[in-house]
There are 2 protein chains.
Amino acid sequence: MKLGDYSLAESEEAMRAKVGNLPIDFASARAVSTLYRAANAARTKLTNSVLREHDITWTGWVVLWVVWIWDGLETRRASEAAGISKATLTGVVNTLVTRGWLDRARGTEDKRMVNLSLTPAGLELVQTIFEKFNAVEAQLVSQISPERLEEMTAGLRQIVETVEATRD
Amino acid sequence: MKLGDYSLAESEEAMRAKVGNLPIDFASARAVSTLYRAANAARTKLTNSVLREHDITWTGWVVLWVVWIWDGLETRRASEAAGISKATLTGVVNTLVTRGWLDRARGTEDKRMVNLSLTPAGLELVQTIFEKFNAVEAQLVSQISPERLEEMTAGLRQIVETVEATRD
DNA sequence: GGGATATTGTTCGTACCCAAACGACGCAAG
DNA sequence: CTTGCGTCGTTTGGGTACGAACAATATCCC
């Protein structure tokens, strides 16, 4: 068996052979493992083809992006929007501030808050990267029919909603 | 605006307002960002509800799982099957060996190789976790119709294949 | 006003994550 | 038989990633 075959179809077949007699929901298992594999593939592809040349990581980009979209953000909202913990955000922001792309400003009204905003260099970087990034995103899903893409996105959204609904 | 609204729909709307006049492919952008968000949500949910009580991380579980499915693996194949780099795998395997779940064995025929295999404790752990894990997977996708789930999985698979095809 | 309670961002500890450099090993051509 | 090239797993260095504990600040309730 050649290398490259340890993915998807072959893994599924191996799993079926291993646990075929157990009461397993294969459709769910396949969906979740494919979900994770696709997310990793997309992140790696986007990182290598767009972000690497600008010396910025995936998470760093996501943080810059949400700060851009929302015209500045408090830390607590930025971590939520970026989908990372506030502890992780602290470290990522440290990196972005050091790189000269982000500014920290302690809140004036509520001194617990920290407001994040783009520096001019950060703004320029975001604008430079954004279109390239979207072009690669389009390429990633280019083999999927519009109808299927719609169904896929809707399904993914339901997973997110299911998790958020059962989070107590 | 209340907290919790910095996700999905609201972010999309903010993005549209910010870049509405640029030639952006919104369907692709929405698909990729939702993909990443769903993968993170699924991983967090599965980690907290199943893996945490067994003191094992997501990546650690994936590695144990692929070694189980394939009845032992060489390191190079394990990293591919687990979707992580070989450098990462070295560290994860260190952890799993220390925990007593995995064995390292230098290849006899080709001394560059390292074969991974489950210890009895590791085998017991995998079997214990597997069914719980699958039950939560099923819950994650329980709100998705079978037809949509099929379409979603097919779409995700096409993303993986697109990335693998353009990797040179 | 003052004590209990909640919320903010940070720190700490542990573990992952990867590209690049590295040393050990295999292999084939001369 | 040795020289060169390719492949293996590991190490290195910088950067996430998160839960828990923390100090500072805000707010509530009497």
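Small disclaimer: the values here were computed from a predicted structure and weren't measured. Chain naming here is simple, since letters A, B, ... match the order of the sequence lines and numbering starts at 1 in each. What you see below is based on every heavy atom in this structure, not just the backbone, and it leaves out hydrogens, waters and symmetry mates.
- The two atoms that bring L102(A) and L118(A) nearest to each other are CD1-CD2, 3.8 Å, heavy atoms only.
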Under 3.5 Å, N/O pairs linking protein and nucleotides 13-15 of chain D:
{"unit_1": "dG15(D)", "atom_1": "OP1", "unit_2": "R99(A)", "atom_2": "NH1", "d": "3.4"}

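- For E137(A) and N134(A), the side-chain atoms include at least one donor-acceptor pair closer than 3.5 Å.
- Within the structure, ring pair (Phe, Tyr, Trp, His ring centres under 6.0 Å) pairs that include any residue of residues 107-127 of chain B do not occur (at least two apart or interchain).
- The base of dT7(C) sits with one of its N or O atoms less than 3.5 Å from a complementary donor or acceptor on the side chain of R112(A).
- With 3.5 Å as the limit, one finds a donor-acceptor pair spanning the side chains of T166(A) and K45(B).
- Although no hydrogens or angles enter the test, the distance criterion places a donor-acceptor pair under 3.5 Å between the side chain of S79(B) and the main chain of R76(B).
- Tested against R157(A), the residues Q143(B), R37(B), R30(B) include a single side-chain contact (heavy atoms from CB on, under 4.5 Å) partner, R30(B).
- If you take CZ of R77(B) and P of dT7(D), they are 14 Å apart, rounded to a whole angstrom.
- We find that CG of L89(A) is positioned 11 Å from P of dT16(D), with the value rounded to whole Å.
- E80(A) has its CD atom 14 Å from the P atom of dT7(C), to the nearest Å.
- Rounded to a whole Å, the NZ atom of K111(A) is 17 Å from the C1' atom of dT7(C).
- Considering only residues two or more places apart in sequence or on other chains, K18(B) meets the salt bridge (Lys or Arg N to Asp or Glu O under 4.0 Å) condition with D71(A).
- Atom-to-atom, CZ of R104(A) to P of dG9(C) comes out at 10 Å; the value is rounded to the nearest Å.
- Two residues, G91(A) and T108(A), neighbour DNA chain D, and the one matched to the more 5' nucleotide by heavy-atom proximity is G91(A).
- Atom pair W101(B):CH2 and dA15(C):P shows a separation of 11 Å (rounding to whole Å applied).
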I need a per-nucleotide contact map over nucleotides 17-23 of chain C, read 5' to 3'. Cutoff is protein heavy atoms under 4.0 Å; write B for the base, S for backbone only, - otherwise. BBB----
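- Rounded to an integer number of Å, the gap from CZ of R106(A) to P of dT25(D) is 8 Å.
- Residues in residues 74-104 of chain B take part in no ring pair (Phe, Tyr, Trp, His ring centres under 6.0 Å) pair, two or more places apart or across chains.
- Following rounding to the nearest Å, R76(A) (CZ) and dT7(C) (P) show an atom-to-atom distance of 11 Å.
- Heavy atoms of T75(B) sit under 4.0 angstrom from primed sugar atoms or phosphate atoms, though from no base atom.
- Among residue pairs with one or both ends in residues 12-41 of chain A, those qualifying as ring pair (Phe, Tyr, Trp, His ring centres under 6.0 Å) are Y36(A)-W58(B); sequence neighbours excluded.
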